[in-house]
There are 2 protein chains.
Amino acid sequence: MNKSAVKVRNVLERVGGFASAQELHLVLHRDQEAIGLTTVYRALQSLVADGAVDLIRREDGEALYRLCGDNHHHHLVCKSCGKTVEVPGGAIEKWALKAAHENGFRDIGHTAEIFGICSDC
Amino acid sequence: MNKSAVKVRNVLERVGGFASAQELHLVLHRDQEAIGLTTVYRALQSLVADGAVDLIRREDGEALYRLCGDNHHHHLVCKSCGKTVEVPGGAIEKWALKAAHENGFRDIGHTAEIFGICSDC
DNA sequence: TTGAAAATGACAATCATTTTCATTTCTACT
DNA sequence: AGTAGAAATGAAAATGATTGTCATTTTCAA
Ligand SMILES: [Zn+2]
Ligand SMILES: [Zn+2]
Ligand SMILES: [Zn+2]
Ligand SMILES: [Zn+2]
């Protein structure tokens, strides 16, 4: 793992949840860590290839990244103001494994997000 | 549902599985059904909004569309060959409602996808 | 018929991601 | 230390899916 990949992974660790390549690039710049956007993309590619980082897709298709092996959880997002609450996976994990197993799939991953309108909106 | 949306839905029916907007556009042209790519996108948007069509994301982020059965379900997708199995929601629906309720959210929706490697790959 | 509203499609714009390529940094060996 | 070759970097251009614009056409009810 090269220097840039380490930087990117550290930022992912601090951020905690999902972040886009561009968001990560921004945070790195705030931290005076000069690093090109291209390099951020390359670092993320190799982290994903190494299985160190998970990639999911936002509803509009943009890629979001998060450290693997983080305490796994899901998100409840307000469609109006963007407020986000972390929710434990619980039943989902079993549901995903069961469905995959019944269909002969292996190397399972899953995504699950809930969205709605929060009480403030 | 307007004329274009009907055409697009018919093609989706014939195609049977998932197809990208551009693939559908191509098929329509082969069938001498002159229709603009923009209109194909718009038809797909409204079909998705109406719940008549499912949208999933290929690994590279491109959108794929498929006619939806009437009952709500989720997808188990092979990361290697794209093979897709519909799985019933079951536990997810309750999990999403519960998490949302506990946090004061309303107008709830959710997404959940499972991915892995199928037995053929 | 007629006029407003919806639909259409060519074209331009947007924007995340990838590619290119010249330059810089690392690495290994003498 | 010096040097050659490999790997990494990043600015800028290219790519490509999707969306926005807007002038024109179609639909349809009064
Ligand atoms: Zn809110
Ligand atoms: Zn989970
Ligand atoms: Zn497969
Ligand atoms: Zn569901």
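Naming: A, B, ... by sequence-line order, numbering from 1 per chain. No hydrogens, no waters, no symmetry mates; every other heavy atom, side chains included, goes into these values. Note that the structure is predicted; figures quoted are calculated from it, not measured.
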So the ring-ring contact (aromatic ring centres under 6.0 Å, His included) pairs with at least one residue in residues 29-52 of chain A (sequence neighbours excluded) are A:His25-A:His29
Nucleotide of D:dT18, C:dT8, D:dT21 approaching B:Thr38 most closely (side-chain heavy atoms) = D:dT21
Nearest to side-chain heavy atoms of B:Glu62, which nucleotide of D:dT21, D:dA17, C:dT8 | D:dA17
Round to a whole Å and report the spacing from [atom1] of [X] to [atom2] of [N].
| X | N | atom1 | atom2 | result |
| --- | --- | --- | --- | --- |
| B:Leu55 | D:dA17 | CG | P | 15 Å |
| A:Arg58 | C:dA16 | CZ | P | 8 Å |
| B:Glu33 | C:dT8 | CD | P | 12 Å |
| B:Asn2 | D:dT26 | CG | C1' | 12 Å |
| A:Asp60 | C:dC15 | CG | P | 11 Å |
| A:Leu64 | C:dC15 | CG | P | 17 Å |
| B:Met1 | D:dT27 | CE | P | 17 Å |
| A:Leu37 | C:dT17 | CG | C1' | 9 Å |

Between the CG atom in B:Asp107 and the SG atom in A:Cys78, the distance rounded to the nearest 0.5 Å is 10.0 Å
Rounded to the nearest 0.5 Å, how far apart are CZ of B:Arg42 and CD1 of B:Ile35?
-> 10.0 Å
Applying side-chain hydrogen bond (donor to acceptor under 3.5 Å, both in side chains), name anything that partners B:Glu102, two or more places apart in sequence or on another chain.
-> B:Lys98
State, yes or no, whether a side-chain contact exists between B:His74 and B:Ile114 at a heavy-atom distance under 4.5 Å.
-> no
Output the residues of residues 16-28 of chain B in contact with DNA chain D, where contact means a heavy atom of the residue under 4.0 Å from an atom of the strand; sort by number or write none.
-> B:Gln22
Which of residues 41-50 of chain B have a heavy atom under 4.0 Å from DNA chain D?
-> B:Tyr41, B:Arg42, B:Gln45
Below 4.0 angstrom from OP1 or OP2 of D:dA8, is there any side-chain N or O of A:Ser4?
-> no
Short heteroatom pairs, N/O only, protein and nucleotides 22-27 of chain C, under 3.5 Å:
{"from": "C:dC26", "atom 1": "OP1", "to": "A:Lys3", "atom 2": "NZ", "distance (Å)": "3.2"}

Just jot down the salt bridge (charged side-chain N to carboxylate O under 4.0 Å, His left out) partners of A:Glu23, sequence neighbours excluded, or say none.
-> none
Taking B:Trp95 for the side chain and A:Gly89 for the main chain, is one N or O donor matched with an acceptor at less than 3.5 Å?
-> yes
Check: B:His110 ring centroid to A:His75 ring centroid under 6.0 Å | no
I would like to know whether B:Ile108 and A:Phe115 meet side-chain contact (heavy atoms from CB on, under 4.5 Å); could you show each step before the answer?
-> CA-CA 6 Å; B:Ile108 300 309; A:Phe115 43 90; over 6 Å; no
Take B:Leu47 and B:Met1 through the test side-chain contact (heavy atoms from CB on, under 4.5 Å) and record every step on the way to the result.
-> CA-CA 8 Å; B:Leu47 287 168; B:Met1 183 156 41; 3.7 Å; yes
Just call it for A:Ala34: base, sugar-phosphate, or nothing, with non-hydrogen atoms closer than 4.0 Å on any strand.
-> sugar-phosphate
Check against side-chain contact (heavy atoms from CB on, under 4.5 Å), A:Phe105 and B:Leu76 | CA-CA 9 Å; A:Phe105 280 57; B:Leu76 172 55; 3.8 Å; yes
Step by step, work out the side-chain contact (heavy atoms from CB on, under 4.5 Å) result for A:Leu64 and A:Leu55.
-> CA-CA 6 Å; A:Leu64 300 182; A:Leu55 181 163; over 6 Å; no
